[in-house]
Amino acid sequence: MRIRTMYFCYCLAVLGVLLGVPAIAAPDPWLDHNGRLPSRSDYAGPLFKLSHDYPSGLPAPHMPWRTAIGNLPISTANAAAYTQALKDSVARDMVALLLDDGDWDPGRRGWYNDPWLGAQREAIHGMLVGIERVDDAMFAKSGLTKPFTTYVLTWYNRTAAQTLGAIWRDPQAPQLGGGATQYAEGSITVKLAFTTAGPAEWPAMRGALSWPMMMTTNATTGQFDRPTLGKGHLMQVDIVVKDTQSAPQTGWVFTTLVYDRNTRPGSRGVWDQMVPLGAQWGNDPRVDSAAKPGAPLFESWINPNAPLYATETLGWGGRLSGPNDHGANDISVVTGGQRSLLRRAGNSSCLSCHGTSQWNPANPAKGMSAFLMPLAPPDADGAPNAGAPYLNSPAPGSSEWLRWFQNRPGNVPMDAGSVAGDYDLALTFRVLPAWQEARSGKKHALQKLDAGGVPLQRE
Ligand code: HEC
C-alpha cells in the first residue's frame with residue numbers, strides 16, 4: 001500500500017517536472033508586495049520595491065546625536081537636544097520619502113527593508129497592518145469618533161542593514177548565533193505609522209500628510225476583506241538608535257515624533273510638524289509607578305508640549321509609548337484573591353515591549369518565549385484565559401510584572417534558552433515567524449496577532 005502511494009507520488013512529481021510545474025511553489029523571501037494592484041485609472045504612480053542589497057564591512061558612521069549632548073549619558077535634561085539631533089540626521093532622506101515625488105531611491109540613499117513580508121505588504125508603499133483595530137475609546141479626549149487601523153513601514157539605515165545581511169545571507173536558513181542579531185553602534189531604524197482615521201473622524205489629523213495605499217483592513221470604514229484604494233494619515237514616526245555611549249544600560253535610545261496640527265510647517269513641510277513625543281533609554285526598573293503613580297521617571301523624557309492625543313496612550317507610570325504602540329490596555333489582575341479589571345491601564349512602553357525580542361530556536365513554532373506585555377503565567381489562578389477578554393496580567397509593580405521592566409543589554413535574552421534580538425521586534429515578531437511559516441507550511445502563532453498582541457479579525 002505504502003509502496004503504491006510512493007509510486008503514485010513519484011509519477012505525479014515526474015509529470016509536474018514534465019509539465020514545468022514545480023512540485024511546491026516556494027515562497028519568495030524577496031517578494032515586493034502582495035500583488036493586489038489598484039486600477040490604473042485610480043492610481044498611476046510607482047509601486048513598492050523592496051530594498052535589500054544589504055551592505056557589509058562599513059566603518060562606524062558620524063554620530064551627531066552624541067555630540068549634541070556633549071558625549072555625556074542621555075538624561076531627562078538633555079533628551080530634547082538628543083531627539084532633535086537624531087531627527088535632523090535623517091531629515092533629508094525622510095523628507096524625500098514623505099514627499100513621494102519619485103525621488104526616493106532607497107538603495108542609493110542607504111535605507112533597507114526586511115525580507116519575508118511581501119505577502120503582507122500592500123503594493124503602493126509596502127505598508128503592513130500594524131494594529132488592526134484601535135478602539136475609539138483610547139482617544140476620547142482628542143475626539144476620535146471611529147476605531148482605526150494603523151499601517152506601518154520600517155526602514156533600516158546602512159549601518160543597521162549590515163545586521164539584516166548577516167542574518168539573511170541565506171534567506172532560507174537565518175543565522176542567529178554568533179552575535180549575528182546584534183546591531184552596530186550608529187544603527188538607526190525608522191518606522192512610519194499611518195492611521196485610517198482622517199480629519200473627519202479625528203480632528204487631531206487635520207492637515208496631516210496622507211498617502212494612498214491598497215488597504216485590506218480598515219477599522220474606520222469597517223471593511224476587512226477586499227483590497228481597496230484608501231488614504232492613510234501620517235501620525236507617528238519612530239526613530240531608534242543603537243548608542244551604548246549615551247545609553248550604557250540598554251544600548252538603545254527610542255524616540256518618537258507625532259503629528260501636531262498646531263505646529264506650523266516650515267521649509268521641510270510636514271516634517272517640521274512631526275514633533276517629539278519623547279525619548280526612552282531605560283525602563284526605570286527602580287521607580288514603582290504602581291505604589292506612586294506620578295513618581296518622576298529618569299529614563300523616559302516626555303515633551304511637555306506634545307499634542308494631547310499623543311499623551312493619551314503613554315505607558316506604565318508615564319513611560320514613553322506612542323499612539324501607535326498599545327502601551328495602554330485593558331488588563332485583568334488578581335490581588336488578594338480578588339479579580340479586578342483595569343481599563344486602559346498603562347502596562348507597556350517602548351523598551352519594555354521591545355525587550356521581549358528573543359527567539360527560541362528549539363521551539364520555532366512558538367518563537368518568542370514571553371508575550372509582548374506583562375502576562376500572568378497560566379497556572380496563576382488555574383485557567384489559561386482567566387480574565388478574558390482582558391489581558392491576564394500580573395499585578396502592576398509585582399516581581400512578575402517587573403520582568404518586563406528590567407534594563408538588559410541587547411545581547412541578553414529575557415528568557416534563558418532564547419537568542420536575544422537586540423530590541424528588534426520586527427525580526428522576532430514578524431520576520432522569523434513569516435520565515436518559519438513558509439518553511440513549515442503552517443500558520444505561525446505570532447502571525448495570528450497584530451503588533452499589539454491582539455488576535456486578528458481576518459487572517
Ligand atoms: C506593546 C508593544 C510595543 C510598544 C509599546 C512599542 N512597540 Fe515598537 N514594535 C512593536 C512590534 C510588535 C513591532 C514589529 C512589528 C511592527 O513593525 O509593527 C515594532 C516595531 C518597531 C520598530 C521597527 C524596528 C523594530 O525594532 O522592530 C521601531 C523602530 C519601533 N517599533 C519603535 C518603537 C518606539 C519608538 C516605541 C515607543 C514610542 C515603540 N516602538 C513601542 C511593538 C511595540
Side-chain angles (χ1 to χ4, degrees), residues 83 86-87 90 111-114 116-117 120-121 126-132 134 149-157 160-161 163-164 181 183 187-194 235-242 250-258 276-281 283 300-303 306 310-311 313-316 318-329 331 345-358 367-368 370-375 391 404-405 410 421-434 446-447 449-454 456:
T83 305
L86 190 60
K87 180 187 178 190
V90 300
W111 293 93
Y112 304 87
N113 311 108
D114 281 308
W116 282 117
L117 301 177
Q120 301 172 45
R121 294 185 190 275
M127 312 274 306
L128 309 161
V129 172
I131 294 178
E132 195 181 71
V134 178
T149 300
T150 65
Y151 279 81
V152 301
L153 175 60
T154 294
W155 294 99
Y156 295 81
N157 76 351
T163 298
L164 301 184
T181 60
Y183 286 94
S187 291
I188 292 182
T189 311
V190 178
K191 177 175 161 185
L192 313 174
F194 290 74
M235 168 171 75
Q236 183 174 336
V237 176
D238 298 323
I239 311 175
V240 307
V241 62
K242 180 74 174 274
T250 61
W252 286 91
V253 180
F254 274 52
T255 73
T256 192
L257 313 173
V258 289
L277 171 60
Q280 188 186 21
W281 51 96
N283 282 306
S300 273
W301 164 74
I302 307 296
N303 175 7
T311 61
T313 50
L314 289 174
W316 185 43
R319 286 164 182 77
L320 182 63
S321 184
N324 176 51
D325 296 322
H326 248 290
N329 294 279
I331 65 174
N347 70 335
S348 193
S349 70
C350 307
L351 281 173
S352 58
C353 193
H354 278 260
T356 65
S357 170
Q358 57 182 349
M368 291 176 69
F371 188 57
L372 300 172
M373 316 170 209
L375 185 69
L391 196 63
W404 274 262
F405 291 91
D422 202 5
Y423 288 89
D424 185 332
L425 275 178
L427 175 69
T428 60
F429 187 81
R430 292 255 201 210
V431 186
L432 286 169
L446 290 170
Q447 298 277 11
L449 305 173
D450 72 14
V454 177
L456 295 168

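Remember, it's 1-based here, ligands and their atoms both numbered in the order they're listed. What you see below is based on every heavy atom in this structure, not just the backbone, and it leaves out hydrogens, waters and symmetry mates.
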Undergrad: Can you classify the ring geometry of Phe405 versus Trp316 as parallel (below 30°), tilted (30 to 60°) or perpendicular (above 60°)?
TA: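 Ring orientation, 0 to 90° scale: tilted.
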
Undergrad: With heavy atoms of Phe429 as the reference, note each atom of ligand 1 found under 4.0 Å away.
TA: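 Those of ligand 1 that fall under 4.0 Å from Phe429 are 12 (C).
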
Undergrad: For a distance under 2.8 Å, tell me if His354 has an N/O/S atom near atom 8 (Fe) of ligand 1.
TA: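 Given the 2.8 Å cut-off, His354 counts as a ligand of atom 8 (Fe) of ligand 1.
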
Undergrad: Considering only heavy atoms, does Ser349 approach ligand 1 within less than 4.0 Å through its side chain, its backbone, both, or neither?
TA: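 Backbone only.
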
Undergrad: Among protein heavy atoms, which sits nearest to atom 38 (C) of ligand 1, and what does the distance come to when rounded to 0.1 Å?
TA: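 The answer is Cys350 SG, 2.6 Å.
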
Undergrad: Report yes if some heavy atom in the side chain of Val241 is under 4.5 Å from a heavy atom in the side chain of Trp252; otherwise report no.
TA: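 A side-chain contact under 4.5 Å is absent here.
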
Undergrad: In the protein, which heavy atom is nearest to atom 2 (C) of ligand 1, and how far is it?
TA: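 The closest heavy atom on the protein side is Cys353 SG, 2.0 Å.
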
Undergrad: Could you check atom 20 (C) of ligand 1 against the protein and tell me its nearest heavy-atom contact, residue, atom and distance included?
TA: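 For atom 20 (C) of ligand 1, the nearest protein heavy atom is Lys191 NZ, 3.4 Å.
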
Undergrad: Measuring from atom CG of Leu425 to atom CG of Leu372, what distance do you get when rounded to the nearest 0.5 angstrom?
TA: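 Separation between the atoms: 6.0 Å.
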
Undergrad: Give, for atom CG of Leu320 and atom CH2 of Trp301, the distance between the pair rounded to the nearest 0.5 Å.
TA: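 Leu320 atom CG to Trp301 atom CH2 measures 9.5 Å (nearest 0.5 Å).
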
Undergrad: Testing Trp404, Phe254, Tyr423 for ring pair (Phe, Tyr, Trp, His ring centres under 6.0 Å) with His354, which one passes?
TA: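 Exactly one candidate clears the test, Phe254.
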
Undergrad: Would you mind reporting whether Trp155 and Asn113 have side-chain heavy atoms less than 4.5 Å apart?
TA: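 Yes, side chains in contact.
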
Undergrad: When rounded to the nearest 0.5 angstrom, what is the spacing between CG in Leu257 and CG in Leu277?
TA: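 If we round to the nearest 0.5 Å, Leu257:CG and Leu277:CG are 9.0 Å apart.
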
Undergrad: Just going by heavy-atom distances, which of Ile131, Leu427, Asp325 is nearest to atom 6 (C) of ligand 1?
TA: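 Of the listed residues, Asp325 has the closest heavy atom.
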
Undergrad: Number the atoms of ligand 1 from 1 as they appear, then name those within less than 4.0 Å of a heavy atom of Thr255, with their elements.
TA: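 So the answer, numbered in order with elements, is 35 (C).
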
Undergrad: Quick one: which ligand 1 atoms are inside 4.0 Å of a heavy atom on Tyr423?
TA: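 Heavy-atom distances to Tyr423 below 4.0 Å select 26 (O).
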
Undergrad: For the residue pair Val240 and Tyr183, establish whether any side-chain heavy-atom pair is separated by less than 4.5 Å.
TA: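 SC-SC contact between Val240 and Tyr183 ruled out.
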
Undergrad: Whether the side chain of Asp325 engages the backbone of Ser349 through a donor-acceptor N/O pair (distance < 3.5 Å, no angle test) should be reported.
TA: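 Checked: no pair found.
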
Undergrad: Identify, by atom number and element, the atoms of ligand 1 in contact range of Ser348, meaning under 4.0 Å from any of its heavy atoms.
TA: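 Counting atoms of ligand 1 from 1, those under 4.0 Å from Ser348 are 1 (C), 5 (C).
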
Undergrad: Kindly confirm or rule out an N or O of Arg430 lying under 3.5 angstrom from an N or O of ligand 1.
TA: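 It does: an N or O of Arg430 is found under 3.5 Å from an N or O of ligand 1.
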
Undergrad: When you measure from atom 25 (C) of ligand 1 to every protein heavy atom, which one gives the shortest distance, and what is it?
TA: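 Checked against all protein heavy atoms, atom 25 (C) of ligand 1 sits closest to Asp424 OD1, 3.3 Å.
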
Undergrad: Give me the residue, atom name and distance of the protein heavy atom closest to atom 33 (C) of ligand 1.
TA: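 Protein heavy atom at minimum distance: Asp238 OD2, 3.5 Å.
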
Undergrad: Among all protein heavy atoms, pick out the one at the shortest distance from atom 24 (C) of ligand 1; state its residue, atom name and that distance to 0.1 Å.
TA: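 For this ligand atom, the closest protein heavy atom is Thr189 CG2, 3.5 Å.
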
Undergrad: Looking at side-chain heavy atoms only, is the closest gap between Val190 and Trp111 below 4.5 Å?
TA: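 Counting from C-beta outward, Val190 and Trp111 do come under 4.5 Å.
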
Undergrad: Of all the atoms in ligand 1, which lie at a distance below 4.0 Å from a heavy atom belonging to Thr256?
TA: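 That gives atoms 38 (C) of ligand 1.
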
Undergrad: Any idea which protein heavy atom is nearest atom 10 (C) of ligand 1, and the distance to it?
TA: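 I find the closest protein heavy atom is Leu425 CD1, 3.5 Å.
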
Undergrad: With side chains defined as the heavy atoms from C-beta onward, is the minimum distance between Arg121 and Asp114 less than 4.5 Å?
TA: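 Heavy-atom side-chain distance check passes, below 4.5 Å.
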
Undergrad: Note the single closest protein heavy atom to atom 27 (O) of ligand 1, along with its residue, its atom name and the distance in Å.
TA: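 Here the closest protein heavy atom is Ala426 N, 2.7 Å.
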
Undergrad: Would you mind running through ligand 1 and noting each atom that sits below 4.0 Å from a heavy atom of Gly322?
TA: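 Every atom of ligand 1 under 4.0 Å from some heavy atom of Gly322: 38 (C).
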
Undergrad: Applying a strict 4.0 Å limit to heavy atoms, is Ile239 in contact with ligand 1?
TA: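 The answer is no, since Ile239 has no heavy atom less than 4.0 Å from ligand 1.
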
Undergrad: Could you give the distance from CD1 (Ile188) to NZ (Lys242), rounded to the nearest 0.5 Å?
TA: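 Ile188 CD1 to Lys242 NZ: 13.5 Å, rounded to 0.5 Å.
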
